[in-house]
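Here the structure comes first, spelled out in structure tokens, and everything after it is commentary.
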Amino acid sequence: MSGLEAKKILLGVTGGIAAYKSAVLLRELQRSGASVRVVMTAAAQAFIAPLTFQALTGHAVSTELLDPDQESSMSHIELARWADLILVAPASADFMARLACGLANDLLSTLCLATQAPIKLAAAMNQHMWFNPATRENCRRLEVRGVEIWGPDAGLQACGEVGPGRMLEPEDLLQKVVSLYADRPLQGVRVLMTAGPTREPIDPVRFIGNRSSGHMGYALAQVLCELGAEICLVSGPVVLPTPVGVERVDVETATQMQGAVMARVETCDIFIGVAAVADYRPLAPAPQKIKKTSASVNLELVANPDILAEVAALEQGPFTVGFAAETEGLEAYAEAKRISKGVDLIAANHVGSEKGGFESDENALLLLWDGGREALPMMSKIKLAEQLGAVITKRYRTVRG
Ligand code: CTP
């Protein structure tokens, strides 16, 4: 049993180079037991022929809204009612814009407007289109209406640029669809997390920061949310969209992060410190911009509170998960950190090497707990978050029941 038996999925395909991957996705969905019907936009047909999907599904592919032949086989209203789920993959910037406006100017947009089924969009576009304020605004509008946007993944794009915009791989999309119908092992569990960097002000315009992108923490928040947890994410400054269903609290400094965490920690079951919290902050940030008046400047730094250690030391505190970023002696340093901070599980990774770490899309983790270890090899941060989420769930259930 793979969980999609008897599920009826309407796969929408819009115009993007990732459309060729939709044929693989279709196969994966069918293999998992789903019945799939395909609707293509006109632009999608410039990338892949309807015949491909017709041959794979055994059904004519619907492409036109006002075609009497297509309407007589299954009308657009029947199709909208038939679907348990509409998955649009790839979902182009243009399609998302049309959906955000509530347009019904082709078959797929009309179906999305007419359906009662949940709608998921596997975003795929050039990274500048993804970051464009118009697309950001459209995503927000769609998410407020309950349309979930999956991805995009980051990496090398078909246009040669590197950044977010690639459609999630078919197997990742399949995983997400399966998880919609799967058991939710963290149902009712409240998770408080930190993610991203902190900024420690030197003066009103300068700060001490670090290279954390927030990707790992945000991916983990999304995974745990899909496993049924209620997530509150205390986040340093990042350029990432908030995962659907996650409550986000924005902070800048370590002290603000500590305040936001300690105000919420009593009501959480699991605390996960993914943030790269600055260990030190300037003792006395200058009230005005520091002028270039001398050849050298001394900056006195004082230690920041260790949020993870503070949470782990609470009596009857939550199950705690920490991260350890090390440049050498990974296992020994991480184990020492686990014991000294008193955390239940520590996820250690190498930083400063060629692959993996803060700015990379990939990472590998060594997970350590009292009496056990598991190594997760180099993979995308999204996949890694899924595997880490599974281990956190298992360890939490083992320790706390
Ligand atoms: N952490 C925290 N508050 C801090 C510093 C770190 O909550 N002030 C958390 C991080 O979120 C992470 C873990 O502690 O989960 C490990 O942080 P790291 O910076 O690797 O360890 P440090 O204790 O700062 O040790 P060192 O810098 O010496 O490696």
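All values below were derived from every heavy atom in this structure, side-chain atoms included, with hydrogens, water molecules and symmetry-related copies excluded. Start at 1 with the first residue, then count along the sequence. Just follow the structure's listing: the first ligand is 1, and inside any ligand the first atom is 1.
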**Request:** May I ask you to establish whether Arg199 and Phe207 are in a cation-pi arrangement, using a distance under 6.0 Å from NZ or CZ to the six-membered ring centre and at most 45° from the ring axis?
**Result:** yes

**Message:** Taking 4.0 Å as the limit for heavy-atom contacts, which would you say applies to Asp279 with ligand 1: side chain only, backbone only, both, or neither?
**Reply:** side chain

**Request:** May I ask you to say whether Lys383 pairs ionically with Glu386, meaning some side-chain N is under 4.0 Å from a carboxylate O?
**Result:** no

**Item:** Residue and atom name of the nearest protein heavy atom (relative to atom 3 (N) of ligand 1), distance in Å to one decimal
**Value:** Ile307 N, 3.1 Å

**For Lys341, atoms of ligand 1 separated by under 4.0 Å from a heavy atom** = 1 (N), 6 (C), 9 (C), 13 (C), 14 (O), 16 (C), 17 (O), 21 (O), 22 (P), 23 (O)

**Request:** Inspect the contact between Asp306 and Lys341 and indicate whether a charged nitrogen and a carboxylate oxygen are less than 4.0 angstrom apart.
**Result:** yes

**Salt-bridge criterion met for Glu326 and Lys337 (N-O under 4.0 Å)** = yes

**Prompt:** Going from CE on Met125 to CG on Asp94, what distance comes out if it is rounded to the nearest 0.5 angstrom?
**Reply:** 10.0 Å

**Which segment of Ala254 sits under 4.0 Å of ligand 1 when only heavy atoms are counted** = neither

**Message:** Tell me whether Lys120 is salt-bridged to Glu148, with the criterion being a basic N under 4.0 Å from an acidic carboxylate O.
**Reply:** yes

**Item:** For atom 15 (O) of ligand 1, the protein heavy atom that lies nearest, with its residue and separation
**Value:** Gly273 O, 2.5 Å

**Asked** Is the shortest distance from a Lys or Arg side-chain nitrogen in Arg338 or Glu335 to a carboxylate oxygen in the other one below 4.0 Å?
**Response** yes

**Message:** Checking side chain to side chain donor-acceptor pair (under 3.5 Å) between Glu226 and each of Lys176, Arg184, Gln175, which is the one that passes?
**Reply:** Lys176

**Spacing of CG belonging to Leu113 relative to SG belonging to Cys101, to within rounding of 0.5 Å** = 11.5 Å

**Prompt:** Do protein heavy atoms approach atom 27 (O) of ligand 1 to less than 4.0 Å?
**Reply:** yes

**Prompt:** Which of the numbered atoms in ligand 1 are below 4.0 angstrom from a heavy atom of Gly322?
**Reply:** 15 (O)

**Asked** Which residue holds the protein heavy atom closest to atom 10 (C) of ligand 1, what is that atom called, and what is the gap in Å?
**Response** Ala275 O, 3.3 Å

**Prompt:** Got the closest protein heavy atom to atom 7 (O) of ligand 1, with its distance?
**Reply:** Leu308 N, 2.8 Å

**Complete:** A student checking ligand 1 against Pro305 at a 4.0 Å heavy-atom cut-off should list atoms 3 (N), 4 (C), 8 (N)

**Request:** Give the residue and atom name of whichever protein heavy atom lies nearest to atom 4 (C) of ligand 1, and the separation in Å to one decimal.
**Result:** Val277 CB, 3.5 Å

**Prompt:** With atoms numbered from 1 as shown, which atoms in ligand 1 lie under 4.0 angstrom from a non-hydrogen atom of Ala325?
**Reply:** 20 (O)

**Heteroatom proximity flag, Ala276 to ligand 1, N/O under 3.5 Å** = no

**Asked** Looking only at protein heavy atoms, which one is nearest to atom 20 (O) of ligand 1, and how far off is it?
**Response** Lys337 NZ, 2.8 Å

**Prompt:** What is the nearest protein non-hydrogen atom to atom 13 (C) of ligand 1, stated with its residue, atom name and distance?
**Reply:** Phe323 O, 2.9 Å

**Prompt:** So with a 6.0 Å cut-off around CG of Asp183, is the heavy-atom count from everything else above 12?
**Reply:** no

